[in-house]
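Chain letters run A, B, ... following the sequence lines, proteins first and then strands; every chain starts at 1.
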Amino acid sequence: MAEIRGKFTFPGGTHPPENKHFSENRSIEPVSVPKQVAVLLSQHLGAVCVPTVAKKEAVLAGQMIGKSDAFVSAAIHSPVNGTVKDITLLPHPVIGRTMGIVIDVDAENNEIKQPVNGQFDKTFNPENYTVEQICRAVKEGGIVGMGGAGFPTRVKIEPNPAMPKEILLINACECEPFITCDYRVMLEWTWQFLAGVRLAARAAGCEKIRIGIEDNKPEAIEVLTNAVKELGGKEDIRVVPVKTKYPQGGERQLIQSVLGKTVPTGSIPPTIGVCVLNVGTCAAIAEAVATGNSLTHRVVTVAGCAIAKPGNYYVPIGMRVEDLIAYCGGLTETAAKVVMGGPMMGFAIADLSTPLTKTSGALTFLTKAAVTRAKHEKQQTPCIRCGRCLTVCPEHLNPTRIAHAVKYFRMDIAQDYYLSACIECGCCSYVCPANIEITGYIKTGKLLQARAKRRLG
Amino acid sequence: MVLASVMELVNNAWPAALLALGLGSLFALILLIASIKLRVVVDPKIDAVHKALPNIDCGACGFAGCASYAKAVVTNPELLGKCAPGGSDTSNAIAGILNLQMSGSGAPMRPVIHCRACEQDKTYFADYDGIIGCTSANAQPNVQACAFGCLGYGGCVRRCRFDALHIIDGLAVIDYEKCTGCGACARGCPRELIEMVPFTQDIMMTVACNSKEGGKNTRTFCKVGCIGCGLCSKQCDLFTTENNLARLDFARYEPSEAAQTAMDKCPTGNIVFRGKNAPAPREAGQKPAASAK
């Protein structure tokens, strides 16, 4: 196989060690059903769901258990057959303690859910479904962006006359170290993934489809290029290899790389006619539209030195981290830190009873040695004005300036330097020779700003 | 010889001297006219009000400093009583200057912290080694089991300009002797634990917990948390229990036997006194005094 080199890229960014070897060659494996699941009511951006079931009520797998009438929101569904044990505060991986539904699993009446990729092949025709059908299936399936932010997909793909979309860009970069779930989906569920891509393009009214993949995944590029060829060129689908660089998978960066367009600061891709979707999301769209299944399971990468059996697992959403750890053979003795997501943008979890959500693509288990090598355990020293953070910032900000403004509560200065434009990729903290937690301060600044706004409004 | 040179100087320099004198007089005249024509009339009340204020520029009134508040309060008497550090004394003084009548209770506003859990009373799931500061620590979910209580990283301490707040054993403690009631600490707390309360008494009773968690979880997370049992609301109508949390109606509070009984009966010792020389709260885990009898 000829070496594939992506020439498209964006200014800035870094090259952290990829560490994909833990799980990239392990196929997707459905996990056994845990004894109890905890489905959080807030797994997406937008309004929090209201439970539609009561305590002690029996629920079926796929049944809607929470919904919201707000436009930007997504329904949630039970991944198992069982009874509602409690509706209570539960640990959330990102926002602390939020309401969730605890379901006791009916042990006798549950089968392990198998992936549905076998139902899709190259004969799949998206024109069998109307735009309304697709949008309704996506809405009722509770599908959200599975790359991390969790923006409700229905809002993205629904035709909007005010912002017509021309290009559907599939974000298949997976630039974050350790994570391989999208890679495995592309390799194993190729036809399901492509069916989802074509359905989304049909719903959004996009003529062109571009799939951006980093060139460190040559197999995925080959498989997808061949599959697109087999489709016979009815649609304008093109697989675009891009340079391996972090954060290539940020939607603004990918648009810059693949399409050469810049999304203006403070606005979103639809304003320039682009709709960006993640690989997992496309697979979920195909499943929801073709089989009517709602989003109750997802592929989660379990990686890192501190776990016995790393791999890619097909996990019910709502499974607790400790149950998944037990399934994967437990933690090794050297385990020191559990991160939901990858090491660059993920969230460290303190409470192992935290349930997985629709947006948790990976669990990274780091050893004490790996954590100590990381920056934040070392001594922070004053900023030496080297400007490395400015060179790597993919959003062309001045991170150190913002961080110092936040440190001294000068939110006016922080805002003058476009605090809110930060995508929190962590490149600045990664390269800082003075070990300053720049991204940490910027995140703090965003929280301070939100609090000030809440107090005024 | 000397005399001659002096005379020569005078003879040669007199035009210059005359010119200087003339110019001086001209400018003096311009300044005189300008000072009459361009005079800025300052309300003497502003100056008097400024003098009556504590002049610490704390910003609690919402203005940049005492001078701007003085200017604002003279033109808009509705702003009277905004000076928290000065309290009712200052407000009365300003009212006297402006010929106004003070209305309302005039009780000074002071902060109370709705948490009493010291380090040994709390449960932690993991070590936090990020940026030292409450807002940053609060952004890391579930490091401290209780999602509502004091984090003890001193966000309030850094904002206090009067050295009236200290972290003692992982809990923010207010020094009511030094506190001026400017409210900066309440704005600095990411968990909104600090409430500004009218201190109608020198020592106020308060429910020192903010946990809206169910009773069972609160018990697991904290030795001194409010479990929302509702015993206090049964004893005394000043207390209300909602969302697994008891609250006291501060505006109506007066020391009474019913309130004291409620405090003694609280199973977790969560109702405490706050204020200058307030008696120490019951120790964590100690049985209620009423049931011990």
Would you mind checking which part of B:E213 comes under 4.5 Å of any heavy atom in chain A, side chain (CB onward), backbone (N, CA, C, O), both or neither? both
Residue selection (most heavy-atom pairs with chain A, distance under 4.5 Å) from B:P190, B:A139, B:G214, B:A147: B:P190
Count the heavy-atom pairs under 4.5 Å between each of A:T354, A:V94, A:I95 and chain B, then report the option with the highest count. A:V94
Verify the neighbour count for atom CG of B:D127: are there more than 12 heavy atoms of other residues, nucleotides or ligands below 6.0 Å? no
Given that the side chain runs from C-beta out, which part of B:N138 has a heavy atom under 4.5 Å from chain A: side chain, backbone, both or neither? neither
A:R454 vs B:E192 side-chain heavy atoms within contact, under 4.5 Å: yes
Is the number of heavy atoms from other residues, nucleotides or ligands within 6.0 Å of CD (A:E57) greater than 12? yes
Below 4.5 Å from any heavy atom of chain B, which atoms of A:F409 appear? Answer side chain, backbone, both or neither. side chain
How about B:Q120: does its CD atom have over 12 heavy atoms from other parts shown lying under 6.0 Å from it? yes
Would one find more than 12 heavy atoms of other residues, nucleotides or ligands at under 6.0 Å from atom NZ of A:K446? yes
Between CZ of A:R451 and SG of B:C189, what distance do you get to the nearest 0.5 Å? 7.5 Å
Do B:T135 and A:T444 have a side chain donor and acceptor closer than 3.5 Å? no
Can you see which heavy atom on A:D351 is nearest to which on B:F125, and at what distance? OD2-CE1, 3.3 Å
A:L448 CG to B:R187 CZ distance, which is reported to the nearest 0.5 Å: 13.5 Å
Counting neighbours of CZ on A:R401 that are heavy atoms of other residues, nucleotides or ligands and sit closer than 6.0 Å, is the number greater than 12? no
Using non-hydrogen atoms and a 4.5 Å limit, figure out which bit of B:F148 sits close to chain A: side chain, backbone, both or neither. side chain
What is the minimum heavy-atom distance between B:P141 and A:P93, and which atoms define it? CG-O, 3.2 Å
Closest contact, heavy atoms only, B:N142 versus A:R97: OD1-CG, 3.6 Å
Heavy atoms of other groups near B:K216 NZ, more than 12 under 6.0 Å: no
NZ of B:K212 to CG of A:L89, rounded to nearest 0.5 Å, is 10.0 Å
